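Not measured: the values here are computed from a predicted model.
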Amino acid sequence: MGEWSLHEFEPGRGEREGAHRVGYEGPSMVGRVPGNVQDDLVRGGRLPDPYVGENARGFDWVPRREWWYRHRFSLGAQEHHRYHLLFQGVDYRASLWVNGFSHGTHVGMFSPWLVEVTAAVEGENTIAVRLDPPPEKRRHALKCQMSYRWDFAPRLVTVGLWDEVWLVESGPVLIRDLAARWEPREKVLRAQVELDAAVDWRGRLRAVLTDAGGVARESAVDLDIPMGRHQAVVDIPVEEPRRWNPWELGEPHLYYLQVQVPGSDAAGTRVGLVETAREANPSAWRGWDPWVFRFNGERLFLRGANWVPADSLFGRLRRPDYERLLGRAREANMNVLRVWGGGLREKREFYDLCDEMGILVWQDLPFACKTYPRSESYLRLAEQEVGGIARVLRNHPSLFLWCGGNEYSHWRNRGLFERIEGACRGADPLRFYHPSSPRRGDFHNWTVWHLFAPVESYRRDMGAMASEFGLQACPRPETLQRMGLGWPPDKGLWRFHKISWPKMKRYIRPLRPVVPVDSLAGFAGAAQRAQAVALKTAIEHYRSRKYACGGCLLWMFNEPWPCISWSIVEHDGTPKMAWEEVRRSYQPILPILIFPLRPNPPGVVARLKVINDLRRPLGRLNVEVEVEGTPLKHHLMCDVGPDSVADLGDVKFVWDTRGPRPPRIHLRIMQAGRLLSENRYILDYGDRVSWFPTRGALGVFQRIFE
């Protein structure tokens, strides 16, 4: 809607000073929409970069103030036309005035706010939006939980119009909502339409479905409705559907659906025709949910990561930011991202790009790691927000699973669990819903890192879904220096940027014999190497168990500010060392070796397996296993079935340990002289810690949240 002005007041002062009135001309600065007040203050020179040093500490005053956004626009108002303002995301408590007249309030960061302003608008118009201070404590705020501080994020409690704002013009009948549902047995796309009629209306509701080739299918129904809100359904036959698929199963084909009330309003959405099924894992424990997914009849092992907000000041994110990061995920052979529950309902561009790229989305609802209020007012707010999130996202074919949130107790939040599940299923009844993560066979394996277990203990994880696991790592030395972190380290400043010193030292220790760690570059490189080894070990274990394990989602893909975190790409999108190992370990065709991680081994006896995630068999494969710089080499011929794991038995190597660097083992899969896949192992990481977690320790995080 163009440029906005931003005004600051002490709480309660703005309205008294007339900030809601048309002619108000008080002190202001430019307010970017979508955006955050904090970002406007940085761009206006009032605050420094919060990502350098401890500057973020100086931002605590911002959410304690009252902020007003004002915008002027011209309108050629027409008789019998209606006008609504649509706020896709206000953060967090908002009140609206149009031309000096109050138009209500809204609480909640994620649900859209649609306000009719027909009676108030004229030729020249002024919008004023007041944002009151959000709650001081996150358990009372249904907003981005991470912004109150997390183990990878600073405390930056945001305020602002963080998502799009639109002026919606229509005739007497407004289309308030449009839901598209594919009914594969009937071969129809069902358009469910919510109409808002300002008058009694009789006419035809028309629906048109178009694909990229311009082929259109259409259908219509005749309606005779009185003034008020009404539901209507239009079925569009699709006799030869082109399916939306995850990228490795086929084309992520998209259609465009438009619904029209002739002469009054039209609304549209992209849709994909996808059929999702779920089945039990082989050898699953009783009480576990099924964690094997089928898309259009084909099983798919989920290879992916957890996604967190791409910026702590997330209002400033735009499509190019999402394109850069999602491109990295696709390059790394990921087919799924879990939008973590301490973060956001992301902006539309994120889901649009996942639809286009064929990347699946597991969407957590915005609850994490807390016992939440049990008051009726909070539960009603939770229902409002969850229902709003589901209505905004339900037409995206990439979204395949709703989850009630992250790592919070079902027992302590029972009422909340029930209410949000009802709200989500009410808005999107056919999609799968999982109460919370971890739960019912879905594990967060934090024995490595939080319990200091050796990396090799990942191989004891027998869960049905691995939705969190990982190690912290530093970004590049130049990024550390831009953050204000030097060497020798100021440990307090490093802790502010989220390093966990005892755990980092524990997992770097096995590299000390081969990697110098007494400099900024050496320490950062060792941390990245340890992370790469850990993720490679875990991923290859989980993949070797397909479909006893239905998938693995590493923690985490990205980060919201430059810090020492579990991410595999830095805040600016630059890959860490682990990104390359993950890219390699997530190849659809992959040869792997399983061997003990021991310091300076004189040789190994390794189990050789070939993983094939493709739908076709692989015949007459030549699997080469070679120790770099030596004549030690194995050649094995094999066939591998579609969507399977082939166990090729043991291979044995013995070498001279007095070499100048640790042994490196290369694996290649060749077919008719063509390279299909390759993998590698550097035997530089040997852990002397001998204890391994028991089955009970592996389940400790699971039991906490049951």
*Do D355 and S398 get their side chains close enough for a donor-acceptor pair, meaning under 3.5 Å?*
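A pair is found: one side chain offers a donor N or O, the other an acceptor, under 3.5 Å apart.
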
*Establish, from distance only, whether the side-chain atoms of W291 and D289 form a donor-acceptor pair under 3.5 Å.*
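Looking only at side-chain atoms, D289 and W291 do not form any donor-acceptor pair under 3.5 Å.
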
*Could you tell me which non-hydrogen atom of T158 sits nearest to which non-hydrogen atom of S312, and how far apart they are?*
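In terms of heavy atoms, the two residues are closest at CG2-O, 3.6 Å.
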
*Considering all heavy atoms, the nearest H7-Y24 contact*: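 Answer, listing the atom of H7 first, then Y24: ND1-CE2, 3.5 Å.
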
Look at the rings of [X] and [Y] and say which category their plane angle falls in: under 30° parallel, 30 to 60° tilted, over 60° perpendicular.
X    : Y    : result
F295 : F293 : parallel
Y408 : Y372 : perpendicular
Y351 : H396 : tilted

_Any residue meeting ring pair (Phe, Tyr, Trp, His ring centres under 6.0 Å) with W97, in chain and number order, not counting sequence neighbours_ =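 Residues passing ring pair (Phe, Tyr, Trp, His ring centres under 6.0 Å) with W97: H20, W68.
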
_With salt bridge (charged side-chain N to carboxylate O under 4.0 Å, His left out) as the test, pick out the partner of D321 among R318, R324, R319._
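With D321 as partner, salt bridge (charged side-chain N to carboxylate O under 4.0 Å, His left out) holds for just one option, R324.
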
*asked:* Taking the side chain as everything from C-beta on, heavy atoms only, tell me whether D91 gets closer than 4.5 Å to P134.
replied: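 No, side chains not in contact.
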
*Do E66 and R130 have side chains that get closer than 4.5 Å, going by heavy atoms?*
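Yes; the side chains approach each other to less than 4.5 Å.
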
*For E383, which residues count as a side chain to side chain contact (heavy atoms under 4.5 Å, CB included) partner, sequence neighbours excluded?*
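E383: side chain to side chain contact (heavy atoms under 4.5 Å, CB included) contacts with R380, R419, A423.
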
*asked:* If the condition is side chain to side chain contact (heavy atoms under 4.5 Å, CB included), which residues does P241 pass it with, not counting sequence neighbours?
replied: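 Partners of P241 by the side chain to side chain contact (heavy atoms under 4.5 Å, CB included) criterion, ordered by chain and then number, come out as W182, V238, R243, L273.
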
_R348, E349, E346 screened by side chain to side chain donor-acceptor pair (under 3.5 Å) with Y322, the one that passes_ =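 So the option named by the test is E346.
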
*Using atom types as modelled and distance alone, determine if a side-chain donor or acceptor of D428 lies under 3.5 Å from a backbone N or O of A390.*
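Checking the backbone N and O of A390 against the side chain of D428, no donor-acceptor pair under 3.5 Å is found.
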
*Under the 3.5 angstrom rule, does the side chain of N36 hit a backbone N or O of G315 as a donor-acceptor pair?*
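Present.
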
_Tell me whether the count of non-hydrogen atoms from other residues, nucleotides or ligands lying under 6.0 Å of CD in E376 goes above 12._
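Yes - once you tally the heavy atoms of other residues, nucleotides and ligands closer than 6.0 Å, there are more than 12.
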
_Quiz item: cation-pi between R278 and F432, 6.0 Å / 45°_ =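 Output yes; distance and angle both within limits.
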
*What do you reckon, are the aromatic ring centroids of H253 and Y255 less than 6.0 Å apart?*
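Yes, ring centres under 6.0 Å apart.
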
